[in-house]
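Here is the structure we will look at.
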Amino acid sequence: MRRLFFGGFLLLTALSPVNAEEVANRPDVDASSLAPLGTEWRRVNPYRGNAAAIEIGGQAFAQTCARCHGPEANATGHPAPDLRRTDVACRRIKTPEIKAKCIADNDIFFSKSVRKGKTIVGVVHMPAWEPVLGQELIWAIRSYIETRPLTRLEPNPSDAMAAH
């Protein structure tokens, strides 16, 4: 009986699209200092290591991504994946050419995910951000995430008190 109920629930979930409550809104960020990238999407992050892009990406991340991916891109206690871990496997690669290809693959995965959003079994987990962010802000956010350390955030004592 339990399997039947669970199977029916999965079937209903798969057949009925769910509207996303999350709406993609453009962040209030001045990105005018970023070099324009044109309309053709880059396959590799053109702003990697660019201090201005990292700063702007951090502001955009805080306004658009942090509520699901966590502050400072640390997803501890948040529902979305920890984006700081995207390049962990690439960092272990010793051969520079292969490491660059690994990171380039992750750039493609990241930009596609952000541009198109994430819908799984009809459920929108992340809206498509391309219409509101554009190429410059998406790559700036990627640049910011790449600079975040892989440390855990200490729990906020006020959060623990609020839970009781």
Side-chain angles (χ1 to χ4, degrees), residues 10 13-14 20 22-156 159:
L10 286 178
T13 302
E22 184 70 28
V23 177
N25 293 313
R26 182 163 175 82
D28 184 20
V29 174
D30 179 8
S32 63
S33 63
L34 296 175
L37 299 176
T39 56
E40 187 171 330
W41 275 86
R42 306 289 174 100
R43 297 179 56 82
V44 177
N45 182 359
Y47 299 142
R48 180 164 286 121
N50 178 312
I54 293 167
E55 173 68 25
I56 292 166
Q59 294 170 17
F61 183 92
Q63 294 177 39
T64 59
C65 313
R67 65 179 163 255
C68 294
H69 292 280
E72 301 286 319
N74 185 329
T76 303
H78 289 79
D82 188 336
L83 299 175
R84 302 168 308 154
R85 303 196 65 75
T86 304
D87 292 325
V88 167
C90 298
R91 293 179 196 148
R92 297 183 193 140
I93 298 172
K94 302 288 185 212
T95 308
E97 296 83 20
I98 296 173
K99 185 176 191 173
K101 287 181 181 179
C102 181
I103 292 172
D105 284 346
N106 288 340
D107 283 347
I108 292 168
F109 175 77
F110 179 86
S111 69
K112 182 180 175 190
S113 298
V114 176
R115 291 170 60 198
K116 306 299 181 196
K118 289 288 184 183
T119 301
I120 302 169
V121 194
V123 177
V124 177
H125 292 263
M126 183 173 84
W129 287 92
E130 182 178 8
V132 294
L133 291 179
Q135 183 167 201
E136 286 81 3
L137 280 180
I138 289 174
W139 288 124
I141 290 170
R142 171 88 165 124
S143 297
Y144 167 75
I145 293 167
E146 292 173 334
T147 64
R148 301 296 87 204
L150 278 171
T151 55
R152 291 182 61 87
L153 289 178
E154 294 299 322
N156 185 343
D159 290 344

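Quick caveat: nothing in here was measured; it's all calculated off a predicted structure. Below, all heavy atoms of this structure are taken into account, side chains as well, without hydrogens, waters or symmetry copies.
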So do Ile141 and Val114 actually touch side chain to side chain, heavy atoms under 4.5 Å? no

Under 3.5 Å, which donor-acceptor pairs do the side chains of residues 91-98 form with other protein atoms, sequence neighbours left out?
none

Just jot down the disulfide (SG to SG under 2.5 Å) partners of Cys90, sequence neighbours excluded, or say none. Cys102

Sequence neighbours excluded - salt bridge (charged side-chain N to carboxylate O under 4.0 Å, His left out) pairs with any residue from residues 59-70: Glu22-Arg67

Which atom names give the shortest non-hydrogen contact between Ser33 and Ala52, and what distance separates them? OG-CB, 4.3 Å

Name all residues meeting the ring pair (Phe, Tyr, Trp, His ring centres under 6.0 Å) criterion together with Tyr47; count only those two or more places apart in sequence or in a different chain, and write none if there are none. none

Rounded to the nearest 0.5 Å, what's the gap from CG on Asp82 to CD1 on Ile145? Could you check? 9.5 Å

Could you verify whether a donor N or O on one side chain and an acceptor N or O on the other, from Glu55 and Gln59, lie under 3.5 Å apart? yes

Which pairs pass ring pair (Phe, Tyr, Trp, His ring centres under 6.0 Å) with one or both residues in residues 93-127, sequence neighbours excluded? none

Do Pro27 and Leu133 have side-chain heavy atoms sitting under 4.5 Å apart? yes

Starting at CZ of Arg43, measure out to CD1 of Ile108 and round the result to the nearest 0.5 Å. 3.5 Å

Do any pairs count as a ring pair (Phe, Tyr, Trp, His ring centres under 6.0 Å) and have a residue in residues 77-102, sequence neighbours left out, and if so which ones? none

Residues at least two apart in sequence or cross-chain that pass side chain to side chain contact (heavy atoms under 4.5 Å, CB included) with Arg42, listed by chain then number, are Leu37, Pro46, Gln135, Trp139

Taken in chain and number order and not counting sequence neighbours, the residues that satisfy side chain to side chain contact (heavy atoms under 4.5 Å, CB included) with Ala31 are Leu34, Ile56, Leu137

Looking at side-chain heavy atoms only, is the closest gap between Asn45 and Ser143 below 4.5 Å? yes

Do any N or O atoms from the side chain of His69 and from the backbone of Pro81 form a donor-acceptor pair under 3.5 angstrom? yes

Which residue pairs pass the salt bridge (charged side-chain N to carboxylate O under 4.0 Å, His left out) test when at least one of the two sits in residues 118-146, sequence neighbours left out? Arg48-Glu146, Asp87-Arg142, Asp107-Arg142, Arg115-Glu130, Lys116-Glu130, Arg142-Glu146

Given side chains that start at C-beta, do those of Phe61 and Leu83 come closer than 4.5 Å, heavy atoms only? yes

Provide the full list of salt bridge (charged side-chain N to carboxylate O under 4.0 Å, His left out) pairs with a residue in residues 24-35, sequence neighbours left out, each pair given once. none

Contacts of Ala104 meeting side chain to side chain contact (heavy atoms under 4.5 Å, CB included) (sequence neighbours excluded), chain-then-number -> Val44

Thr147: side chain to side chain contact (heavy atoms under 4.5 Å, CB included) partners, not counting sequence neighbours: Ile54, Tyr144

